[in-house]
Amino acid sequence: MAAQQAEVRGTDAQIPGRVWRLAVVLAFGGVLAGLDASIVNVGLAAIGADLGVSLSAAQWVQSGYLLALAAALPVCGWVSRRVGPGRLWLWSLAGFTVASGLCALAPTVEVLVALRVLQGLAGGLLVPAGMTVLGQVAGPARMGRVMATTSVPAILAPAVGPVVGALLLSHLSWQWLFLVNLPVGALGLLLGLRVVPRGDRAPGDRLDVPGLVLVVLGLPLLTYGITELTEQQQISTAPVTAAALGLLALIGFLARSRATPSPLSDLGLFANRVYRAAAFEVFFNGAALFGGLIVMPLYFLVLLGRDIVDTGLLLIAFSVGAAAMFPVAGWLTDRFGGGRITVVGLLITAATTLPFALMPVGMDIVTVQLLQVLRGIGLALSGMPAVSSALATVRAHQMPDASAQINVLSRVGAAIGSAIFIAILTSGLTENATGAAASGAFRTTFWWLTAVTTVALVGAAWLTYEQRQAGATVPRTARPEESTA
């Protein structure tokens, strides 16, 4: 731990141009993953109509992708060590791009779902592999600033996605929802071959097959079961069984990881109290963040009666606030430590969520947009600083496992949070709910969003405390190669 303690302020560590170039290129992976997660949702009805299936069947085009994403994350650390994180990133980007092109050629919904699963597997490896490459090259003292660079396009993409999707569908066919990925992926791959370091292979690491089976089954089953239970709002056999089996599989994975000398993922990282506190914040912040990203479009669509294009444009205010603040958040994180900055970000998020629970449905649209901008600022200050704090506690050879674990916690928190908040909202909405009834349902949901944000705030305060106790409020200045010592 002493190697991570502050010696000089993190912002004294200058960032070479090659690191900035690498951060920009790796951002292509975040753009593709973020854009694809939101753009396809808009086209599910069109896909179902063209392929002759119901909307519930077409929903598996998105569900299959998200479940595959969750299944791929746990193995990312092991694969990164075996082939090198840079190679894994390049392979994942190539696989994602090729799968996108094949999705546009799918003749049936069954083929499309299968291809979306392949796309999800590639997407699940893409983001943590990029984080590993960047973390190893940048080192702990520069983590905040370089992570902020890759976060800007990644956070803009989900907000722009519905607008792009609606525009494409108004002029072209649903196939273009996937074809739009091709030029972005091709350019990212071309630049990546020139800029991205391939990384070192770690020989002798055998794959823990039982552990892999347990976690690859456990995460999707638990996510699916909870999502289905909250959407159905009633107890039924299939989702309860799925959730129970998923939970048992994950418990088995934890027991297996403690017992085997070569676990799939190094859970010993959680012995570090700073890492543990940051992981807690990441999970609950993921639930609050993605829950808000699901609820806000419905706020504009259902409560304010806007169409899909207007809704997409109104949501851009949130991303503009986040994009403007991310570079500042990175600098502040390197200078003052992630805990303090995360506390400020979550206070802003809670303060700008609460008005939606208190104010009437006729709230002025300018006020709504101002709150959206401020919520984006809160996101920038609460998300990336906690992730940077977690990754700054580990050494370079531990980065693959750490980045995979943090992504798993964020994704699972997001999936569970989104499902729960949608269930809370829909339980208060009747089929033709308008006026006071609809307003009450949204107010209740925003109260719950504020509550979960408060839980994340407790995690941020815990992170601040642990950083102070460890003497690591500010990462030390170190060259990337020193972090491997």
Side-chain angles (χ1 to χ4, degrees), residues 4-16 19-20 23-24 27 30 131 134-135 137-156 274-275 277-282 284-286 288-289 318-352 373-394 406 410 453 456-478 480 483:
Q4 299 293 337
Q5 292 182 347
E7 294 178 359
V8 295
R9 293 199 180 277
T11 49
D12 291 340
Q14 296 299 315
I15 300 179
V19 177
W20 283 124
V24 171
M131 288 176 61
L134 197 56
V137 171
R142 308 177 181 119
M143 193 75 68
R145 285 167 287 169
V146 295
M147 286 292 176
T149 300
T150 59
S151 297
V152 172
I155 200 62
L156 282 173
V274 174
Y275 183 88
F280 179 92
E281 192 279 343
V282 165
F284 284 99
N285 190 52
L289 165 63
F318 173 83
S319 293
V320 168
M325 184 53 62
F326 263 118
V328 179
W331 182 86
L332 291 172
T333 298
D334 285 343
R335 185 164 184 83
F336 299 108
R340 295 176 182 177
I341 308 307
T342 303
V343 167
V344 174
L346 287 167
L347 285 172
I348 294 173
T349 302
T352 52
V373 172
L374 293 174
R375 277 176 54 80
I377 291 172
L379 160 69
L381 294 173
S382 63
M384 179 277 301
V387 173
S388 296
S389 295
L391 298 184
T393 65
V394 304
I406 292 299
S410 179
T453 302
L457 179 59
V458 171
W462 178 22
L463 173 60
T464 303
Y465 171 79
E466 295 295 354
Q467 286 183 324
R468 286 177 177 172
Q469 290 294 106
T473 302
V474 182
R476 77 184 187 98
T477 299
S483 64

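All figures in this text were calculated on a predicted structure; none of them were measured in a lab. One-based numbering along the sequence shown.
- The two atoms that bring Ser389 and Gly338 nearest to each other are OG-CA, 3.1 Å, heavy atoms only.
- Val394 and Leu391 get closest at one heavy-atom pair: CG2-O, 3.2 Å.
- A donor-acceptor pair is defined here as one N or O able to donate and one able to accept, closer than 3.5 Å; no such pair exists between the side chain of Ser410 and the backbone of Ile406.
- Counting all heavy atoms, side chain and backbone alike, Val282 lies closest to Ala386 at CG2-CB, 4.1 Å.
- Across all their heavy atoms, Val274 and Ala470 have their closest contact at CG2-CB, 4.1 Å.
- Judged purely by distance below 3.5 Å, without hydrogens or angles, the side chains of Glu281 and Thr342 never pair a donor atom with an acceptor atom.
- Residues Pro385 and Ile341 share a closest heavy-atom pair of CG-CG2, 4.0 Å.
- Residues meeting the side chain to side chain contact (heavy atoms under 4.5 Å, CB included) test with Ala288, sequence neighbours left out: Val452, Thr453.
- Closest approach of Arg340 to Thr464, counting heavy atoms only: N-OG1, 3.4 Å.
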Sequence neighbours excluded and cut-off under 3.5 Å, please list the side-chain donor-acceptor pairs for residues 373-382, or say none.
residue : atom : partner : partner atom : Å
Arg375  : NH1  : Thr353  : OG1          : 2.6
Ser382  : OG   : Gly378  : O            : 2.9
Ser382  : OG   : Leu379  : O            : 3.4

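- Summarising the geometry, atom CG belonging to Leu346 is positioned 10.5 Å from atom CG belonging to Leu289; distances are rounded to the nearest 0.5 Å.
- With sequence neighbours excluded, the residues that form a ring-ring contact (aromatic ring centres under 6.0 Å, His included) with Phe280 are Phe284, Trp462.
- Note that CE of Met384 and CG of Asn285 are 12.0 Å apart. Values are rounded to the nearest 0.5 Å.
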